[in-house]
Protein chains: 2
Amino acid sequence: MTATTLHRPTHRDALSLLEAAFGDGRLVTVFGRCTVEYDGRASSTLGAGDRLVVCKPDGTILVHTDQNRKPVNWQPPGCTHRASVRDGRLRIRSSRTTPDETLDVRFERLDQVTAYEVNDRSDLSLQGSEEDLRQRILEDPALVEEGFEPSATERETAAGPVDIFGEDAEGRPLVVELKRRRVGPSAASQLQRYVEALETEFAADDVRGILVAPSVTDRTSELLEENGLGFVALEPLAREAADGAGD
Amino acid sequence: MTATTLHRPTHRDALSLLEAAFGDGRLVTVFGRCTVEYDGRASSTLGAGDRLVVCKPDGTILVHTDQNRKPVNWQPPGCTHRASVRDGRLRIRSSRTTPDETLDVRFERLDQVTAYEVNDRSDLSLQGSEEDLRQRILEDPALVEEGFEPSATERETAAGPVDIFGEDAEGRPLVVELKRRRVGPSAASQLQRYVEALETEFAADDVRGILVAPSVTDRTSELLEENGLGFVALEPLAREAADGAGD
DNA sequence: CGTTGAATCTCGACT
DNA sequence: AGTCGAGGTTCAACG
């Protein structure tokens, strides 16, 4: 039996299932009317309402309403779940240290409690990250510029590490800043700081900077021009139709 | 009845409940063995495993494994859920446009399907945010410095909007940058850019900058000194024991 | 441990 | 719809 369910259980019966499930590594969902209090890095209170509470065997707890991707309250992995009954009401408390944080869920009404046995050894395979973009360019540096020769990634500068560092066709230092999606002015000023840091380091004034991203905002485009920085439109994934690539 | 549950249903019975629930705004959970494919801003594939799938009436879909706070796959609010049966297997597809994104969940085994009616009008009350820190300072500007007189929040500069702008006891322009938690060098350079932008704007060289945060890293402290910027240790919430406030 | 930076960031606010 | 900035960001990598 991979799923054990109680419908409209008493708070004590719910407690029994929760304690058993916490003990043997099952994932638990509780649906009902509850209030939630959190105290830790910040603090919050949430009045009564119907919510889906998910307790994972790794110590994660999620409180979901009928809206939004983000849980309205939560605890990260590594927390300790404890269930109890106070004044005849089920309470789930999840806490951790460093930092000290506590989440309290008090149920006024229980609609359903379920414990699931989970078997999942499969890992997610994701494409389209900034890392993919880096790989793409290192395999074919001409995507940035004909004659570009990368010499290092994550090279340290006084302004922080740069994504790709190398030389252009004429032997000038070239800094490449990567962004996996459309970027604003912050990326341009970050690139400018790298260029300035390297010009100081080399006591030179011919360090070049190129921003590689799918597209940039208008203001960013101005900033790049003002600072003599370049831009190359490139997406982390090669698309069949390069429809909205240029901007 | 706020919760309707099917145990080990046929894929067709599950489809019926899903279609009904999607139609009348219920929240649905499906637990079973499934594969997941995503394509949109990035793309991913996930092999077969046991997962909890949550479909919210606002168009959110979450695929949770037994680990981590983050769903292994998801779609944000505003998506359209569609359920179907192909080759005798339940499939849930959630998609949207701008950007084009699709999530496909195919079930090999169904353990449980539940539809919940959710009533939740309660709003979260959160304390300890940067907004709280701003309030604290505007109510008592001396927390930053004796004689500080704020004149504007979110004042625009060439380097972007500054958190709090005003004058010090001697009438010099003063920029305050707020951070709700311990900060790194980026906050210091951001503040420096504000000061420089305002010195250009005023054609002056006496613009001051103060960083307000619970604490700063060592390197950041150096950066602040180098640039003649100030630092005030302050937390968004007044704590009973100001234990780790100074740094 | 803390520190750093990406993320299918999410989310709200504002233009 | 696009842009911007905060977040109890989360998360993994690295020192």
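This is a predicted model, so every value here is computed, not measured. Residue numbers begin at 1 in each chain, while the letters A, B, ... track the order of the sequences. In what follows, every heavy atom counts, from backbone to side chain, and hydrogens, waters and symmetry copies are set aside.
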What's B/Pro71 touching, base or sugar-phosphate or nothing? Going by heavy atoms closer than 4.0 Å. nothing
Given the rule in the salt bridge (charged side-chain N to carboxylate O under 4.0 Å, His left out) test, do B/Arg219 and B/Glu222 qualify, once you have shown the distances and angles that lead to the verdict? CA-CA 5 Å; B/Arg219 180 127 174 267; B/Glu222 293 170 19; 5.6 Å; no
Quick check: do A/Asn68 and B/Asp58 have side-chain heavy atoms less than 4.5 Å from each other? yes
Among C/dT4, C/dG12, C/dC9, which nucleotide sits nearest the side chain of B/Pro185? C/dT4
Please state how far atom CZ in B/Arg219 lies from atom P in C/dT4, giving the value in whole angstrom units. 7 Å
Select one nucleotide: of D/dG8, C/dC11, C/dC1, the one nearest the side-chain heavy atoms of A/Thr98. C/dC1
Walking DNA chain C from its 5' end, the first of A/Leu124 and A/Pro161 to be reached, judged by nearest nucleotide, is A/Pro161
Residue-phosphate contact under 4.0 Å: A/Arg182 side-chain N/O, D/dT3 OP1/OP2: yes
Please give the distance between the C1' atoms of D/dC14 and C/dT8 as a whole number of Å. 25 Å
A/Asp100 CG - D/dG8 C1' separation (whole Å): 14 Å
Which comes earlier along DNA chain C counting from the 5' end, the contact point of B/Thr220 or that of A/Gly128, where each point is its nearest nucleotide? B/Thr220
Do B/Thr80 side-chain atoms and B/Gly59 backbone N/O form a donor-acceptor pair below 3.5 Å? no
Using a heavy-atom cut-off of 4.0 Å across all strands, would you classify A/Ser129 as base, sugar-phosphate, or nothing? sugar-phosphate
C/dC9 phosphate, OP1 or OP2, under 4.0 Å from A/Arg181 side-chain N/O: yes
Under 4.0 Å between any heavy atoms, over every strand shown, what does A/Pro99 touch: base, sugar-phosphate, or nothing? Just pick one. nothing
Verdict with supporting geometry, A/Arg93 and A/Asp104, salt bridge (charged side-chain N to carboxylate O under 4.0 Å, His left out): CA-CA 5 Å; A/Arg93 168 176 285 208; A/Asp104 254 302; 2.9 Å; yes
Do any side-chain nitrogens or oxygens of B/Trp74 fall under 4.0 Å of OP1 or OP2 in C/dC9? no
Determine the interatomic distance between C1' on D/dT10 and the same-named atom on D/dA6; round to the nearest Å. 14 Å
Atom CG of A/Asn68 and atom P of D/dG7: how far apart are they, to the nearest Å? 17 Å
Among D/dC4, C/dA6, D/dG8, the nucleotide that comes nearest once only the side chain of A/Glu130 is considered: C/dA6
Given the C1' atoms of C/dC14 and D/dG8, what is the spacing between them in whole Å? 25 Å
Shortest side-chain distance from B/Lys179, nucleotide among D/dA6, C/dG5, D/dC11: D/dA6
A/Tyr38 or A/Val183, whichever maps to the more 5' nucleotide of DNA chain D: A/Val183
It should be established whether B/Arg41 places a side-chain nitrogen or oxygen under 4.0 Å from OP1 or OP2 of nucleotide C/dC9. yes
Phosphate oxygens OP1/OP2 of C/dT8: is one of them under 4.0 Å from a side-chain N or O of B/Lys70? yes
For B/Glu131 and C/dA13, what is the distance between atoms CD and P respectively, to the nearest whole Å? 11 Å
For B/His64 and D/dT10, what is the distance between atoms NE2 and C1' respectively, to the nearest whole Å? 12 Å
Report yes if the side chains of B/Tyr116 and A/Asp50 come closer than 4.5 Å at any heavy-atom pair, otherwise no. no
Integer-rounded Å distance: C/dG5 P and A/Ile164 CD1: 17 Å
Less than 4.5 Å apart, any side-chain heavy atom of B/Arg51 and any of B/Thr65? yes
Counting side-chain heavy atoms from CB outward, which of C/dT8, C/dG5, D/dT10 is closest to B/Arg69? D/dT10
Contact nearer the 5' end of DNA chain D, comparing B/Glu154 with A/Pro77: B/Glu154
